[in-house]
Amino acid sequence: MARYGFTFPFDGLPLHAHKDALQEAERLGYTDAWSYEIDGIDCFTPLALAAAWTEKLQLGTAIANVYTRTPLTLAMSAMGLAEAAPGRFALGIGSGSSVIIERWNGVPFEAPYRKVRDVATVLKKAFTGEKVTESLDTVRADGFRMSRRLVEPPPLYIAARRPRMLQLGGAVGDGVIINWLSAGDVPKAVAEARKGAERAGRDPSKVEVACRIFVCVSEEEPLVDFIGRRSVAAYLNVPVYAAFHEWLGRGPLLQPMWDAWSAGDRKAATAAIPREVIDDLLIHGDAATCRRKVQDYVDAGVTIPVINVITTSPDPNERARQSVEMLRALAPR
């Protein structure tokens, strides 16, 4: 396995206290550290710290959404991190979801495919140092030129769930970012990304596939079942993820959950989740079992597995400890 990454910041661990954990992860053989943003910390600040604290870790955003920052703000943030960690940073962008964009931020969640496409167009042009003057479907820029270009621009990854966005990632990006799917689902997603590369006249084998993989190192079945149901209900009732899993073929399995959720019965919705869906989407078991199941994703076409450890304690200090312990247990062998 050429690359093996993890998601951070870790649950329960304050950002200022991540230095030792990141340096240990580098010593353990992890190659990548990918940030995220939902409702806690932005995706760029953790990477700036990681750039200063580590020497070799590849760093990436998974993801910076394209609605709550302008393309040129994204470009400046990306080039700032590219300077901080030369040759080690990748910018991952995506549409996010209607919950984050529209409900929480008050920004209309409109035309996600076109928005990602247009932002990618502006970013790639800005990264060259050219003057950017574009009037696209969802983005306009008039005469902007980046005044600093001291390092090579970062690779661009596009988060994708369904065929058009996956094909866009293959056509214009250096890679795609996928998540909330099983190892068995990976070939279907990878095939679409490669199709996009082929149509654009690019080498499909060069498309990187970063995949966030949810892992709970635990053999406590009732606890795993509880965590799995809570996580699946939280994500797969979001419209974009529901549509994703319909495309993957899980519609019949998930329809009872969706019906109960739509009716406002959260308890019934959670109970309606088939256990096989939990086992498909959440890796669990002892450390050896979990590492083997991560390898299943790689065997299916993922080039950058990015483990996202799921802790089990309600106590923040214990969650921080569990995060680091799971990182150690899952380290590449």
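Only heavy atoms go into these numbers, but all of them, side chains included; no hydrogens, no water, no symmetry mates.
Between Ile278 atom CD1 and Cys216 atom SG the span is 12.0 Å, to the nearest 0.5 Å. Atoms CD and OG1, on Gln58 and Thr54 in that order, are 9.5 Å from each other to the nearest 0.5 Å. Rounding to the nearest 0.5 Å places CZ of Arg164 at 5.0 Å from OH of Tyr113. Once rounded to the nearest 0.5 Å, the distance linking CZ of Arg117 with CD1 of Ile158 reads 11.0 Å. Here the straight-line distance linking atom NZ of Lys206 with atom OG1 of Thr303 works out to 13.0 Å at 0.5 Å rounding. Between atom CD of residue Gln255 and atom NE2 of residue His245 there is a gap of 14.0 Å, rounded to the nearest 0.5 Å.
Classified by interplanar angle (parallel below 30°, tilted 30° to 60°, perpendicular above 60°), the ring pair Tyr235/Tyr241 is perpendicular.
At distances below 3.5 Å, not a single donor-acceptor pair connects side-chain atoms of Asp185 with backbone N or O atoms of Leu181. A donor-acceptor pair is defined here as one N or O able to donate and one able to accept, closer than 3.5 Å; no such pair exists between the side chain of Asn65 and the backbone of Gly94. Between the side chain of Ser35 and the backbone N or O of Leu47, no donor-acceptor pair lies under 3.5 Å. Between the side chain of Thr270 and the backbone N or O of Arg266 there is at least one donor-acceptor pair closer than 3.5 Å. Judged by distance alone, with hydrogens and angles left aside, the side-chain atoms of Asn105 form a donor-acceptor pair with the main-chain N or O of Ile100 at under 3.5 Å. Of the possible donor and acceptor atoms, one in the side chain of Tyr30 sits under 3.5 Å from a partner among the backbone N and O of Leu327. Remark: the backbone N or O of Trp247 is paired with a side-chain donor or acceptor of Lys188 at under 3.5 angstrom. Between the side chain of Asp118 and the backbone N or O of Thr138, at least one donor-acceptor pair lies under 3.5 Å. Side chain of Thr61 to main chain of Leu91: no donor-acceptor pair is present (N/O by atom type, distance under 3.5 Å, no hydrogens or angles). Remark: the backbone N or O of Gly143 is paired with a side-chain donor or acceptor of Thr133 at under 3.5 angstrom.
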**OP:** Could you walk me through whether Val209 and Ile304 pass the side chain to side chain contact (heavy atoms under 4.5 Å, CB included) test, one step at a time?
**Re:** CA-CA 6 Å; Val209 181; Ile304 311 171; over 6 Å; no

**OP:** Would you check, one step at a time, whether the test side chain to side chain contact (heavy atoms under 4.5 Å, CB included) holds for Phe6 with Asn308?
**Re:** CA-CA 6 Å; Phe6 59 89; Asn308 191 127; over 6 Å; no

Subject >> Test log, rule side chain to side chain contact (heavy atoms under 4.5 Å, CB included), inputs Ile310 and His284 >> reply: CA-CA 9 Å; Ile310 306 285; His284 56 90; over 6 Å; no

**OP:** Tell me, with the steps shown, if Gln167 and Arg199 meet side-chain hydrogen bond (donor to acceptor under 3.5 Å, both in side chains).
**Re:** CA-CA 9 Å; Gln167 290 171 23; Arg199 287 178 176 173; 2.9 Å; yes

**OP:** Applying side chain to side chain contact (heavy atoms under 4.5 Å, CB included), run through Met257 and Leu236 and close with a yes or a no.
**Re:** CA-CA 9 Å; Met257 178 190 73; Leu236 270 55; 4.0 Å; yes

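The two atoms that bring Pro112 and Ser95 nearest to each other are CB-CB, 3.7 Å, heavy atoms only. Closest approach of Ser182 to Asp280, counting heavy atoms only: CB-O, 3.3 Å. The two residues Leu74 and Phe44 come nearest to each other via the heavy atoms CD2-CZ, 4.2 Å. Contact detail for Ile177 and Ala62: the closest heavy-atom pair is CD1-CB, 4.1 Å. Residues Glu26 and Glu55 approach most closely at OE2-N, 3.0 Å, considering heavy atoms. The minimum heavy-atom distance linking Pro71 with Val119 is given by the pair CG-CG2, 3.9 Å.
Partners of Ala50 according to the side-chain contact (heavy atoms from CB on, under 4.5 Å) rule, which considers only residues two or more places apart in sequence or in another chain, are Phe8, Leu22, Leu59. When the side-chain contact (heavy atoms from CB on, under 4.5 Å) test is applied to Ala75, the partners found at least two apart in sequence or on another chain are Leu123, Ala126, Phe127, Met146. With sequence neighbours excluded, the residues satisfying ring pair (Phe, Tyr, Trp, His ring centres under 6.0 Å) with His18 are Phe10. Applying the salt bridge (Lys or Arg N to Asp or Glu O under 4.0 Å) criterion to Arg319, with sequence neighbours excluded, gives Asp11. Partners of Ala52 under the side-chain contact (heavy atoms from CB on, under 4.5 Å) rule, at least two apart in sequence or in another chain, do not exist in this structure. Partners of Pro204 under the side-chain contact (heavy atoms from CB on, under 4.5 Å) rule, at least two apart in sequence or in another chain, are Arg194, Ala197, Glu198.
Under the 3.5 Å distance criterion, with hydrogens and angles disregarded, a donor-acceptor pair is assigned to the side chains of Gln322 and Thr312. Side-chain contact, Asp315 with Ser313: no donor N or O sits under 3.5 Å from an acceptor N or O.
Partner Arg291 forms a side-chain contact (heavy atoms from CB on, under 4.5 Å) with one of Ile307, Asp286, Leu330, Val215 and no other, that one being Leu330. Across Ile213, Val309, Ile283, a single residue satisfies side-chain contact (heavy atoms from CB on, under 4.5 Å) together with Cys290, and that is Ile283.
For the pair Glu192 and Lys195, the salt-bridge criterion is met [side-chain N within less than 4.0 Å of a carboxylate O]. Between Glu221 and Arg275 there is a salt bridge, with a side-chain nitrogen of the basic residue lying less than 4.0 Å from a carboxylate oxygen of the acidic one. Ion pairing of Lys115 with Asp137 is absent here, as no side-chain N (NZ or NE/NH1/NH2) approaches a carboxylate O to less than 4.0 Å. Ionic pairing of Glu83 and Arg88 is not present here: no N-O contact between side-chain nitrogen and carboxylate oxygen is shorter than 4.0 angstrom. Using a cutoff of 4.0 Å between basic side-chain nitrogens and carboxylate oxygens, Lys125 and Glu134 are scored as salt-bridged.
By the 4.5 Å heavy-atom criterion applied to side chains, Arg162 and Leu166 are not counted as neighbours. Contact of the Tyr4 side chain with the Val306 side chain is not registered, since no non-hydrogen atoms from C-beta on lie closer than 4.5 Å. Taking 4.5 Å as the limit, every side-chain heavy atom of Tyr297 sits out of range of all side-chain heavy atoms of Pro305. When side chains are defined from C-beta on, Asp225 counts as touching Arg229, because their heavy atoms get closer than 4.5 Å. Residues Pro274 and Arg250 form no side-chain contact, since every pair of their non-hydrogen atoms from C-beta on lies 4.5 Å or further apart.
Heavy atoms of other residues, nucleotides or ligands lying less than 6.0 angstrom from CD of Glu220 number 12 at most. Taking a 6.0 Å sphere around CZ of Arg328, one finds it holds more than 12 heavy atoms contributed by other residues, nucleotides or ligands. For Arg148, the CZ atom is loosely surrounded, since the number of other residues' heavy atoms within 6.0 Å does not exceed 12.
Figure legend: Arg212 and Trp34 shown without cation-pi pairing, the cationic atom not lying both under 6.0 angstrom from the six-membered ring centre and within 45 degrees of its axis. A cation-pi contact, defined as under 6.0 Å to the ring centre and within 45° of the axis, is absent between Arg161 and Phe244.
Ile63 and Tyr67 end up in different hydrophobic clusters when Ile, Leu, Val, Met, Phe, Trp and Tyr side chains are linked at under 4.5 Å.
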